[in-house]
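Written out below as structure tokens is the structure these notes cover.
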Amino acid sequence: MLSTDIHLASEKLRSGEVVAFPTETVYGLGADATNESAIAKIYRTKGRPGNNPLIIHTDCVDSVARYVTLRERSRVMGQFLRLQHLWPGPLTIVFPDKHDSICDLATSGLTSVGVRVPNHPIARELLAATDLPIAAPSANRSTYVSATTAQHVSDCFGQDLFILDGGQTSVGLESTIVKIEENGPAQLLRAGLIRQEELSEALGELVELGPKLGGAPGREKDCAMLSPGQFRKHYSPKTPVRLFNDRGSLASFIEQNSKQSTGLLLFSKETAIHGKNSVLRTLSESGDHHECAQNLYAALRELDNRQLDLICIERPKNGPLYEALIDRIERAAEK
Ligand code: AMP
Ligand code: MG
């Protein structure tokens, strides 16, 4: 059920129910992170594997100390202070040590915990009114494309779920995730609107790439456990997806396979591609990466609903969101 009643949504969260709400990145499926049975409902609803930890959301930076252990003059405390100005915003920080009040199920049994202060008026009002740490993974079935409108959420979960409707999300891709540790470098676990360079600059030291993003192979084993969100298949439509390196190879594929019904997802207008059996979607006329990110999931869902044989996506051009976009598209194409 779609609603704009933030007060009612807050009451539902406080009584252990699951509620979907908008953030600036994608819609989240929220529940009280201190309540194990509420958190179990999130995993059940999404069909999410139990080893994939949830991100905790709160309305203000000062509340973070209620949910994670921050020792005076520790490295983690220092790094947190340096990253703070990026909140509220599309950044998740994984801290090494959660408070006991956050139930173990919310972090898949890890002692570390991911926290974010989202920058969306509805999310912030909801979180402030609820005054609880709210675990909220993306509001889609596990491995499917994330939701950027309330309707997308409803398409996944039907009428029974309470959904706060905040229109289309502005960023359109999941938050950047950075992990900070007492010993060892900060690591980028998921690319997003806030870039590696920006994080390195804020921290005054180089942020390493996590394994899926091309980081040190030696640490792969740790990270596969610590960040199962790096599952290869993710953000993925039911229709097979194929990634093309450039528009020329995409055009000749369409020409040679004209009997197949295909969805063509392009990042800019430039030269057009035509196919008898093709549906063309351009994410941004000018190729603007922010616009592409905002429109990507809606376009993937729309093409996925058309019973096509294949969705063809071209590789995005270099630009500010290249890492974030290519990460999502490569995983969408994963079989
Ligand atoms: P989603 O909620 O679907 O956006 O996915 C959240 C992702 O955050 C997870 O899949 C993990 O990759 C990451 N994450 C959350 N908590 C932790 C944690 N404690 N340690 C490492 N990664 C985490
Ligand atoms: Mg997700």
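Residues: numbered from 1 along the sequence shown. Order of appearance sets the numbers: ligands from 1, and atoms from 1 within every ligand. Bear in mind that the values here come from a model prediction, so they are computed numbers and not experimental data.
Remark: ligand 1 atoms within the under-4.0 Å shell around heavy atoms of L189 are 21 (C), 22 (N). Near V113, meaning under 4.0 Å from any of its heavy atoms, are these atoms of ligand 1: 19 (N). Of all the atoms in ligand 1, the ones that sit under 4.0 Å from a non-hydrogen atom of S112 are 18 (C), 19 (N), 20 (N). Numbered from 1 in the order shown, with element, the atoms of ligand 1 that lie under 4.0 Å from a heavy atom of I55 read 6 (C), 8 (O), 15 (C). With ligand atoms numbered from 1 in the order given, ligand 1 contributes 2 (O) to contacts under 4.0 Å with heavy atoms of P137. Each of the following atoms of ligand 1 lies closer than 4.0 Å to a heavy atom of V94: 18 (C), 19 (N), 20 (N). Interface atoms of ligand 1 facing I177, defined by a heavy-atom separation under 4.0 Å, are 7 (C), 8 (O), 13 (C).
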- Is there a side-chain contact (heavy atoms from CB on, under 4.5 Å) between K46 and N140 once you walk through the steps? CA-CA 6 Å; K46 276 184 65 90; N140 52 276; 3.7 Å; yes
- Message: Applying salt bridge (charged side-chain N to carboxylate O under 4.0 Å, His left out) to R190 and E174, what does each step give before you reach the verdict?
- Response: CA-CA 8 Å; R190 180 166 71 190; E174 301 76 5; 5.4 Å; no
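In this model, no donor atom of one side chain and acceptor atom of the other lie less than 3.5 Å apart for T58 and R66. In the model, D304 has a side-chain atom that pairs as donor or acceptor with a side-chain atom of T239 under 3.5 Å.
None of the N, O or S atoms belonging to Y235 lies under 2.8 Å away from the Mg ion (ligand 2).
On a distance-only criterion, N52 and ligand 1 share at least one N/O pair closer than 3.5 Å. At under 3.5 Å, a nitrogen or oxygen of R190, whether backbone or side chain, sits near a nitrogen or oxygen of ligand 1.
Seen from the ring of Y235, R328 counts as a face-on cation partner, given the 6.0 Å and 45° thresholds.
A side-chain contact (heavy atoms from CB on, under 4.5 Å) with V178 is found for exactly one of L91, T92, I194, namely L91.
Ligand 1 lies nowhere less than 4.0 angstrom from a heavy atom belonging to T107.
In this structure, F253 and F244 have tilted ring planes: the angle between them lies in the 30° to 60° band.
Using a 4.0 Å cut-off between heavy atoms, R48 contacts ligand 1 through its side chain alone, with no backbone atom that close.
If you take CZ on R242 and CD1 on I329, they are separated by 15.5 Å, rounding to the nearest 0.5 Å.
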